[in-house]
Amino acid sequence: APPITQKQPLPEIETVMRAFYLTIGGSKLGYRRGSILGCHFDIPAVEIENRIKVIQQKLQDNEIDGLVVIQQVDLFYFSGTAQNGVLYIPAAGDSLLMVKQYHPRAIKESPLKNVIEIKSVKEVPERIFDYYGGIGETIGFELDILPVKDFNFYRKLFPDCSIVDGSALILETRMIKSSWEIEQMSKVATISEKTFVFMKSVIRPGMSEIELAGMGEAFSRKYGHHGKTHKRDFLSHGGYSGHVLSGENSAMLGPLDSPASGAGTSAAFPCGPGWKRFKKNEPILVDFASAIYGYHMDETRMFAIGAMPQKALDTSKAAIEIHNAILEKLKPGMSAHEIFEFGLSVAQRKGYQESYLGPEGYQTTFVGHGIGMELVEPPILARGKHILLTPGMTFALEPKLVVKDEFMVGVESVFLVTETGTRLISKVPVEILIC
C-alpha cells in the first residue's frame with residue numbers, strides 16, 4: 001500500500017484498512033507471505049500410486065472393468081493435475097490421462113506415466129482401445145454429478161458398454177486420508193488460524209458483515225486461498241468462503257441446509273454475510289472456510305466487540321461444551337448416527353433441545369460432515385447414517401444453537417479420527433473471541 005501522509009485523524013474505515021494492509025504484509029503476525037506454504041506444489045507420485053491401487057481393488061471387487069474420471073476434484077485427486085481432460089483407470093494396469101487443455105502443464109503436474117494430448121473428447125474410446133487393446137464391458141462414471149446431457153454424450157461414445165455409477169467408490173477412497181494429506185490440511189489450518197487472528201484484529205463497530213468477510217478472504221488469499229471452495233452439490237450457492245453473521249441476522253433462516261442462512265446481500269443471494277453493521281456487545285458468528293492446495297478447512301468461532309451479552313455467552317459456552325463432549329466421546333467403530341444422537345442428548349441435558357441445530361420446526365439432522373478436497377464430503381454425521389468411523393477420516397464438527405429471531409451461536413472444528421479417538425487439526429482456540 002502507498003504511504004499514508006494525511007495529518008488529520010483517519011476516518012474509522014481508513015484506520016481499519018491501514019491496519020489491514022500492514023497486517024497482510026506480515027508485520028503484525030510475525031511471518032512473511034509464502035513462509036508457511038511455498039509457491040510450488042505437487043502431489044507425490046507415491047500418493048497417486050496408492051490412491052489408484054485402492055480404487056482399482058474396489059473396481060475389481062465390484063466387477064467394473066474401468067473408471068472414467070472427469071470431475072475436476074476427482075481428476076486432481078487421482079492424477080495430480082486439474083487440467084481439462086479425461087482420466088481412465090483400468091481395473092488393473094497403468095492409468096491413461098487424456099488432456100484436451102493444457103497438455104504441457106499436465107505433463108509437468110502429473111506423475112502418471114501415460115499423459116497424452118487429445119483434440120476432442122470424442123477421441124477417448126479410440127485412445128483407450130489403442131492403449132489397452134479393447135474396452136471393457138462395464139465402465140464406471142461419476143453419475144452423482146455428471147449432467148444428463150453429458151451422460152447421454154458419453155453413452156453414445158461407449159455404445160457397447162454398460163455404464164454404472166463409480167462415484168461411491170471414488171468417495172470411499174477419498175474418505176481415508178493419508179498422513180501426507182493430513183499434513184496438507186494442517187498447513188491450511190495454520191493459515192485459517194492466522195485469518196481468524198487477523199479478523200479479530202480489524203473488526204470494528206460500524207463495519208458491515210460483508211466488509212469483514214471480504215477482508216478475511218483477501219487476507220487468506222495472500223497465503224494461497226483459492227477464493228473458492230469446492231462443493232459437489234450443484235444446488236449450493238456458489239463456493240463462497242463462509243458466513244460472518246451478527247445479532248438477529250445470524251438467526252435468519254434461508255435456503256441452506258443449515259441451522260440458519262444469514263441475510264446475504266440480496267434476494268438473488270439470500271445467504272451468508274449481508275449489509276448489517278456490527279454493534280458493540282452483540283454476538284457475531286464467523287464461519288470461515290479456507291481452501292489451499294486443494295484441501296479445505298472449515299471453522300466457526302464466536303466474536304464479540306467489547307463483551308458478549310449474558311444470554312448469548314451462556315449459549316455459546318453450551319455449544320462449546322457439546323462440541324468438546326462429542327470429541328471426547330467419539331471413537332473408531334462408532335456410527336455417524338450414534339454420534340448425532342449423542343450430541344442431541346448432551347444438548348437436551350443442557351436444556352437446549354429446542355434450539356439445537358436450528359429453531360424448532362427447522363432443525364437440521366446433522367452435526368458434522370466429512371472434509372478434505374471438497375468442503376463437504378461423506379460421511380455425514382447425521383441421524384440415520386450408519387457408516388462406521390474409521391481411522392484416517394476427517395470431519396468438520398459444527399454444533400450450533402439458534403435462538404429464534406435473536407441470534408445463532410456455534411463452534412466448528414476440523415478433526416481426525418485416530419486409532420483410539422480424535423485429534424484436532426484445527427488450530428484456532430476453541431473459545432469465544434472478545435475483541
Side-chain angles (χ1 to χ4, degrees), residues 144 167-168 171-172 174-176 231-237 243 250-262 271 285 287 289 296 298-300 315-316 318-372 374-404 408-417 421-422 424 426 430:
D144 66 329
S167 56
L171 293 171
E172 285 173 10
R174 285 174 39 193
M175 276 184 199
I176 308 301
K231 296 182 180 180
R232 209 170 184 88
D233 177 10
F234 77 98
L235 289 175
S236 295
H237 278 66
H243 292 170
S250 63
M252 189 174 294
L253 297 177
L256 300 182
D257 183 13
S258 175
S261 294
C271 54
L285 181 143
D287 183 345
H296 292 75
D298 190 8
E299 295 165 298
T300 301
T315 312
S316 297
I320 290 175
E321 289 168 3
I322 296 168
H323 168 279
N324 293 345
I326 293 174
L327 287 178
E328 186 176 344
K329 176 74 172 179
L330 196 150
K331 299 288 188 298
M334 290 182 68
S335 72
H337 176 81
E338 286 180 88
I339 295 161
F340 176 84
E341 292 297 328
F342 174 75
L344 178 59
S345 69
V346 177
Q348 289 172 337
R349 288 200 304 270
K350 294 185 174 297
Y352 287 97
Q353 64 271 21
E354 292 182 359
S355 56
Y356 186 56
L357 302 178
E360 192 171 13
Y362 294 93
Q363 291 161 312
T364 62
T365 56
F366 71 93
V367 70
H369 54 83
I371 186 170
E374 288 173 307
L375 185 66
V376 179
E377 299 181 347
I380 307 299
L381 300 178
R383 175 178 289 149
K385 299 292 184 180
H386 296 285
I387 186 168
L388 302 182
L389 270 64
T390 305
M393 289 180 174
T394 51
F395 293 92
L397 175 66
E398 51 174 335
K400 289 175 176 149
L401 300 165
V402 180
V403 178
K404 188 177 179 180
M408 173 171 67
V409 304
V411 60
E412 182 176 16
S413 303
V414 175
F415 70 89
L416 167 70
V417 180
T422 63
L424 279 176
S426 291
V430 182

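These values consider heavy atoms only, across backbone and side chains, with no hydrogens, waters or symmetry-generated copies. From a predicted model like this one, the values you see are computed outputs, not experimental measurements.
Annotation for Phe366 and Ile380: closest pair CB-CG2, 3.7 Å, computed over non-hydrogen atoms. Between Ala251 and Ala260, the shortest heavy-atom distance links the atoms C-CB, 4.0 Å. Taking both residues in full, the closest heavy atoms of Leu424 and Ser413 are given as CD2-CB, 3.6 Å, listed atom of the first, atom of the second, then distance. Contact detail for His337 and Gly384: the closest heavy-atom pair is ND1-N, 2.8 Å. Closest of all the heavy-atom pairs between Pro378 and Met175 is O-CG, 3.5 Å. Heavy-atom minimum distance, Ile322 versus Pro399: CG2-CB, 3.9 Å.
Atom-to-atom distance recorded for Ser316:OG and Lys400:NZ is 12.5 Å, nearest 0.5 angstrom. Atom CD1 of residue Ile371 and atom CG of residue Asp298 lie 5.0 Å apart, to the nearest 0.5 angstrom. Of the inter-residue distances, the one linking Glu354 atom CD with Leu401 atom CG reads 12.0 Å to the nearest 0.5 angstrom. Considering OH of Tyr356 and OG of Ser345, their distance stands at 8.5 Å, rounded to 0.5 Å.
When side chains are defined from C-beta on, Asp233 does not count as touching Val376, because their heavy atoms never get closer than 4.5 Å. Side-chain contact check for Pro332 versus Leu389: every heavy-atom pair is 4.5 Å or farther apart. For the pair Lys329 and Met334, the minimum side-chain heavy-atom distance is below 4.5 Å. A heavy-atom distance below 4.5 Å is found between the side chains of Asp287 and Glu412. Side-chain contact between Leu171 and Asp144: present, with at least one pair of heavy atoms (C-beta onward) separated by less than 4.5 Å.
Formation of a donor-acceptor pair under 3.5 Å by the Gln363 side chain with backbone atoms of Gln353 is found in this model. Under the 3.5 Å distance criterion, the side-chain polar atoms of Ser355 are left unmatched by any main-chain donor or acceptor of Val403. A donor-acceptor pair under 3.5 Å links the side-chain atoms of Ser426 to the main chain of Val414, judged by distance alone. Panel note: side chain Ser258, backbone Ser261; no donor-acceptor pair is recorded below 3.5 Å.
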Audit row: Leu285, Val409, side-chain contact (heavy atoms from CB on, under 4.5 Å) steps and yes/no: CA-CA 6 Å; Leu285 181 143; Val409 304; 5.5 Å; no
Test side-chain contact (heavy atoms from CB on, under 4.5 Å) applied to Leu256 and His243, step by step: CA-CA 12 Å; Leu256 300 182; His243 292 170; 3.6 Å; yes
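Sorted by first and then second residue, the side-chain hydrogen bond (donor to acceptor under 3.5 Å, both in side chains) pairs with a member in residues 382-394 read Lys177-Thr394, Glu341-Arg383; sequence neighbours excluded.
Within 6.0 Å of CD on Gln348 lie more than 12 heavy atoms contributed by other residues, nucleotides or ligands.
Checked options Glu374, Glu377, Glu398; the residue passing with His369 is Glu398 (criterion: side-chain contact (heavy atoms from CB on, under 4.5 Å)).
In this structure, Phe395 and Phe415 have parallel ring planes: the angle between them is below the 30° cut-off, well short of the 60° mark.
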